[in-house]
Asker: 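I'd like to ask some things about the structure below.
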Amino acid sequence: MSESTDQSNGKSPGSSQPKDTNKEGIPPKSPHGQGDHGDVSNKVKEKPKSLYIRILRQDSPEDASYWERHTITYEPELNMTTVLQRVAAQAKTADGKDVTPVAYDVNCLEEICGSCTMLINGRVRQACSTLVDNLLQENAEEIVLEPMSKFPVIRDLFVDRSRMFHALKKIQGWINVDGYWDAGEGPKQSPAEQQDRYPLSQCMTCGCCLEACPQYTKIEVERGEGESDEAYEDRCREAYSKGFLGAAAISQVVLFNLHPTGKMRAGERLDALSSEGGLQVCGNAQNCVSVCPKSIPLTTSIGRAGRATTVHAIKRFFGF
Amino acid sequence: MAEQRVVVVGGGLAGLAATMKLAELGIPVDLMSMVPVKRSHSVCAQGGINSVNNVTRQQGDTEWKHFDDTVYGGDFLNHQPPCKEMAEWAPRIIDLLDRLGVPFNRTGEGFRDQRRFGGTLYKRTAFAGATTGQQLLYALDEQVRRWEVEGLVKKYEFWDFLGPVLDDNGVCKGCIGQDMVTMETKAFPADAVILATGGCGLIFGRSTMSMACTGSAASRAFQAGAKYANGEFIQVHPTAIPGTDKLRLMSESARGEGGRVWVPRKAHDERDPRDIPEAERYYFLEERYPEYGNLVPRDIATREIFSICTESGLSVEKGKLCVYLDLTHLPKDTLNKKLGGILEIYEKFQGVDPREVPMKIFPAVHYSMGGLWADYERTASGNLLEGSPRNQMTSIEAMYAIGEVDYHYHGGNRLGANSLLSCIFTGLFIGPTIKNFLENLPKGTSASDMEPSLYEEATKKYQAIDDELKARPAGGENPYLLHQQMGEIMTKNCTVVRHNENLKKAYDEMCELEERAKKCSLSDTGNYTNQNLQFTRSFLDMFPLAKTILKGALLRDECRGSHYKPEFAMPSLESEDEDERLREAETWCDRFEENTKKWLKSTIAEYGEDGEPIITYEDVDTSLIPPRPRLYGLKGAEIIMQVWNARMAKQSNQADSKTEEAVSSS
Ligand SMILES: Cc1cc2nc3c(=O)[nH]c(=O)nc-3n(C[C@H](O)[C@H](O)[C@H](O)COP(=O)(O)OP(=O)(O)OC[C@H]3O[C@@H](n4cnc5c(N)ncnc54)[C@H](O)[C@@H]3O)c2cc1C
Ligand code: SF4
Ligand code: SF4
Ligand code: FES
């Protein structure tokens, strides 16, 4: 469970758990465990000797994807980044064929940097915080890994999420300070204001919410023959700015517009939300909020942003 | 003259702070990072960032005391002028972060809240939930994005720094990077290169650090001629959660908020910890260090936890070394508000709720106090001369080092919550330094004046390294497995307790491993997103630093900060007789003074022609606060301090009368 939710809405722990949806089929956990992982070591009665991992690979954006099966020795307390490390180290398929190590994106290993997002048994999540013992509950036969489907594949499980960073530019996701010299303290803020902003500020640009969103569709810009980096980037930027911003960026607008200084530019951010690919694309499917690993209240943010945009539009219409 | 550019390598707190400051000064920056900067290791920091503040000030705290805590905590191996400057900047830095929108926790009245961290008696640490590093990194990342939109910053993410480009005079004129996706190797001409590439925890296999903390950039700079200093000073954090791929940190803030460390008095007591009555619990830190309790400085806490498990055999579990870190007596509401993020980590990775059950923790490699040697220019009053081009410059001219990869701020041991500070401080402070450096660059020596061949040749040189790796016959040694072995050698011999015998053996083992590593072969010889090649290259670059760390540790025959050799530990006072104890204290102080003379020196390593590190020593500027014994928990500490203070008083009287004489005779 996440304290960020508790902080944002003041509910007691356990009152709102988007991750509950993932608990299906997991037997009751140890008396003291409260997290959705329970006392993992006790859950699986029969430990397998080996793990089978089926991975959807792709050598490059131009190549077709293909499945490959790997196996490693089971150990207690394995997480999926350890599994991927072992798979890379052995560089052999389950039937002994030499292959290249599987490419993937990783850094922190503690679900805070957002790098290692992928589809694990069909569900989008971080490899580092996904524990093998829990996966065996979902499917004891094998673990299935696929790259996220909403972003262009670079190689294997490694995808290109630069579109997310473009979205942060479009919404002007920063506080416009006058300069970095000493100008005394920041504006005074109540604990309630801090607790409103803090959860939103935990967004690690991981992309889970976008993967789950029916309105967010993949944009893949193919590189032209001999096209320069700059020209290619320009075309990407253009394509991205027409596409849907997605829940993460919308929620960031709320984050910055809540800040006493950030507010001063609220209108510009709301303009970005009203432009092509903005808030109006959202179909309110609410898939985003249920997959966010940081339990960010995304639909609440979308609602707030929606109301603010409407008010902003009316004010503009009447020339306030 | 063509536009002058600067390359910043690394987009953690230090690199981002430097980038935004340079952009503000109008200097265009190429920002290169192995990972998207927003995913840099700084995101992991949990606890907070230190500064004197309005509350502590009224309790008698000052910038000077923060400075004093920093150098005392560092066992006086820190250079004092930079630390003094940093402590003075600290309140302004927190103010700036506050203005940038960091959601610092608030008091009821709406001020920033602070907590207490190890090694100080004041609540100096500002924090944002339990994800302070993430919040600070994001604030700076946002500012850099703003400058990116303005066109002053160009990001090169998923790029690996391969090494500096040096002209005939050994001056840095840019660097070589490799696109980790397309594998293109490219030269970045620049008039200054700033390395902000963080620590080197991966040399120890598993640590609290992230996968990008390979130390590869520092090693490549070292191999190109930069000096590396105090390598042997590696901080081992007292409290981490042992895991198969990483030892996940349990922040000091858990103790800061009242967490208590204990073991059952009976070894491997199998009862549920909650059923063990108070009387049968051994709160060993509180008993041994009544003043600081659970908040003794890191090196002490680490050693105590380590020795209670190994020497005293009181580990909670039989097969695995660990002690309890207990929060269960604290109100859940407070825990959720103040420690939410880190408790979540424990729960997520261990499947147990730390609000209900005491956590099991053990020390883990955490921070590199040492790093690239870097210069500074001091003023008469002991501050830094702001804007001096020498500040933070490595021994290679025009190449700078900031953040965890520099060496002079944390001495023998870093205080908790001082690193985020040193990263942001050095990042901001380097702005005017670079500006002046660029403005004073002699005509005709700019990167844009260089012959293109300088860059072509350097690019070729680094491409040749890849070509050689790819040409190796298949079926050789496996780099991933050898890396594990490297980690085992380092962790076993060169962490909490160090013995010369073991260090010697470890050095030989490391040399053997290096020979085997020369026969590593790649399982991917392709030219596209080749992570296998990239990892193997970083792994090979770990050897020069691993050997520097081992050799530095072997040669340093003393105990200082994190570097602990029982053979050279200073004794407790044993005698019960008062006079005898006084004599013991005098001898103790003599020995301390001797040791200070001999060993209060930075270890300086240079990369020898044969690839072996050459070690020399260099004086440390301790002119502002004279080194004094660090006596946490030593038996007889009060008497030693008395004797010591008497000596100091005498010395300063003598010094005073000398100056008086000088004055009266002139
Ligand atoms: C778990 C944890 C918790 C911590 N908590 C605290 C705390 O509460 N308070 C505190 O003060 N300190 C804390 N620290 C220490 C502090 O977080 C780090 O020292 C600090 O963040 C380092 O920042 P940095 O900018 O120097 O480097 P990093 O954040 O490590 O960034 C390094 C950058 O360099 C890049 N890089 C590295 N090598 C290369 C290469 N070869 N080519 C290109 N780019 C490269 C990386 O991609 C990255 O962008 C903690 C550390 C850990 C491990
Ligand atoms: S609520 Fe909007 S953003 Fe969220 S999943 Fe649905 S359509 Fe996507
Ligand atoms: S909102 Fe949640 S799911 Fe979406 S990118 Fe941020 S952290 Fe990931
Ligand atoms: S590696 Fe950072 S989130 Fe998984």
Side-chain angles (χ1 to χ4, degrees), chain A residues 2-4 6-7 13 32-35 37-40 60 75 77-79 81-82 85 88-89 91 98 100-101 103 106-115 129 154-155 158 165 168-169 173-175 177 179-180 182-186 188-191 194 197-198 201-202 205 259 261-262, chain B residues 20-21 24 35-36 38-39 41 43-44 92 95-96 98-101 103 105-106 108 110-111 128-129 131 134-135 138 142-143 145-146 148-149 181 210-212 243-246 248 336-337 340-341 343-345 347-349 351-353 356-357 428 478 480-481 523-524 526 528-529 531-532:
Chain A
S2 158
E3 283 61 46
S4 52
D6 304 332
Q7 287 207 344
H32 312 307
Q34 283 208 349
H37 302 274
D39 189 350
V40 287
S60 81
E75 266 174 57
E77 294 189 3
L78 283 177
N79 59 352
T81 36
T82 312
Q85 284 174 359
D98 285 333
T100 55
V106 69
N107 196 26
C108 73
L109 299 178
E110 52 189 61
E111 199 198 79
I112 188 85
C113 77
S115 294
S129 56
I154 293 173
R155 181 175 182 178
F158 181 16
F165 295 112
L168 296 178
K169 289 181 188 161
W174 50 78
I175 303 288
V177 292
Y180 306 138
D182 181 23
E185 282 187 34
K188 214 168 163 187
Q189 285 169 68
S190 71
Q194 189 270 348
R197 291 188 72 241
Y198 178 67
S201 189
Q202 284 184 306
T205 323
H259 189 270
T261 315
Chain B
M20 70 187 222
K21 187 66 202 178
E24 184 183 42
V35 301
K38 194 176 180 179
R39 310 199 193 284
H41 170 64
V43 81
C44 292
R92 277 176 274 156
D95 281 349
L96 174 60
D98 191 7
R99 284 168 55 218
L100 295 179
N105 277 45
R106 299 282 157 174
F111 293 111
T131 60
Q134 182 190 35
Q135 300 308 318
Y138 289 1
E142 287 151 16
Q143 292 302 315
R145 188 163 296 107
R146 180 181 163 196
E148 208 185 346
V149 171
V181 172
S210 302
M211 295 304 288
T244 48
D245 53 344
K246 185 182 194 188
R248 296 182 177 83
N336 285 340
K337 269 212 189 97
L343 300 185
E344 205 180 318
I345 292 180
E347 203 168 340
K348 198 165 280 159
F349 290 92
V352 174
D353 183 358
E356 301 284 345
V357 187
L428 295 175
N478 183 323
Y480 303 97
L481 302 182
S523 41
D524 183 353
Y528 181 73
T529 322
Q531 296 184 338
N532 180 235

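Quick caveat, the model's predicted, so the values are computed rather than measured. For the numbers below, each heavy atom of this structure counts, side chains included, while hydrogens, waters and symmetry mates do not. Just so it is clear: chains get the letters A, B, ... in the order the sequence lines come, proteins before strands, and each one is counted from 1.
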Asker: Report the residues that fulfil side chain to side chain donor-acceptor pair (under 3.5 Å) with A/Thr100, sequence neighbours left out, ordered by chain and then residue number.
Answerer: A/Arg57, A/Arg155
Asker: What pairs with A/Phe165 under ring-ring contact (aromatic ring centres under 6.0 Å, His included), at least two apart in sequence or on another chain?
Answerer: none
Asker: Find the one option among B/Pro103, B/Cys44, B/Ala212, B/Gly108 whose heavy-atom pairs under 4.5 Å with chain A are most numerous.
Answerer: B/Pro103
Asker: Would you check if the side chain of B/Arg99 reaches a backbone N or O of A/Gly179 as a donor-acceptor pair within less than 3.5 Å?
Answerer: yes
Asker: If you tally heavy-atom pairs under 4.5 Å against chain B, which of A/Leu78, A/Asp182, A/Thr81, A/Asp98 wins?
Answerer: A/Asp182
Asker: Treating B/Asn105 as the side-chain partner and B/Gly129 as the backbone partner, does any N or O pair qualify as donor plus acceptor under 3.5 Å?
Answerer: yes
Asker: Scan side-chain atoms only and decide if A/Tyr198 and A/Gln202 contain a donor-acceptor pair under the 3.5 Å cut-off.
Answerer: yes
Asker: Name the member of A/Gly262, A/Cys108, A/Ser190 that forms the most heavy-atom pairs with chain B at distances under 4.5 Å.
Answerer: A/Cys108
Asker: Under a 4.0 Å threshold between the charged nitrogen and the carboxylate oxygen, would B/Arg106 count as salt-bridged to B/Asp98?
Answerer: yes
Asker: Quick one: what part of A/Ala91 sits under 4.5 Å from any heavy atom of chain B, side chain, backbone, both or neither?
Answerer: side chain
Asker: Quick check on the interface: out of A/Leu168, A/Leu109, A/Ile175, who has the most heavy-atom pairs with chain B under 4.5 Å?
Answerer: A/Leu109
Asker: Can you tell me which of B/Val149, B/Val181, B/Thr244 forms the most heavy-atom pairs within a distance under 4.5 Å of chain A?
Answerer: B/Thr244
Asker: Report the option among B/Val35, B/Thr131, B/Asn532 that has the most heavy-atom pairs separated by less than 4.5 Å from atoms of chain A.
Answerer: B/Thr131
Asker: For B/Ile345, is it the side chain, the backbone, both, or neither that has a heavy atom closer than 4.5 Å to a heavy atom of chain A?
Answerer: side chain
Asker: Sort A/Asn107 into side chain, backbone, both or neither according to what part of it lies under 4.5 angstrom from a heavy atom of chain B.
Answerer: both
Asker: Quick check on A/Ser201 against chain B: is it the side chain, the backbone, both or neither that has a heavy atom closer than 4.5 Å?
Answerer: both
Asker: Is chain A contacted by the side chain of B/Tyr528, its backbone, both, or neither, given a heavy-atom distance below 4.5 Å?
Answerer: both
Asker: Looking at A/Thr205 and B/Arg39, what are the two nearest heavy atoms and their distance?
Answerer: O-NH2, 2.9 Å
Asker: Checking heavy atoms, do the side chain of A/Gln85, its backbone, both or neither come under 4.5 Å from chain B?
Answerer: side chain
Asker: Taking NZ, NE, NH1 and NH2 as the nitrogens, is one of them in B/Lys21 or B/Glu24 under 4.0 Å from a carboxylate oxygen of the other?
Answerer: yes
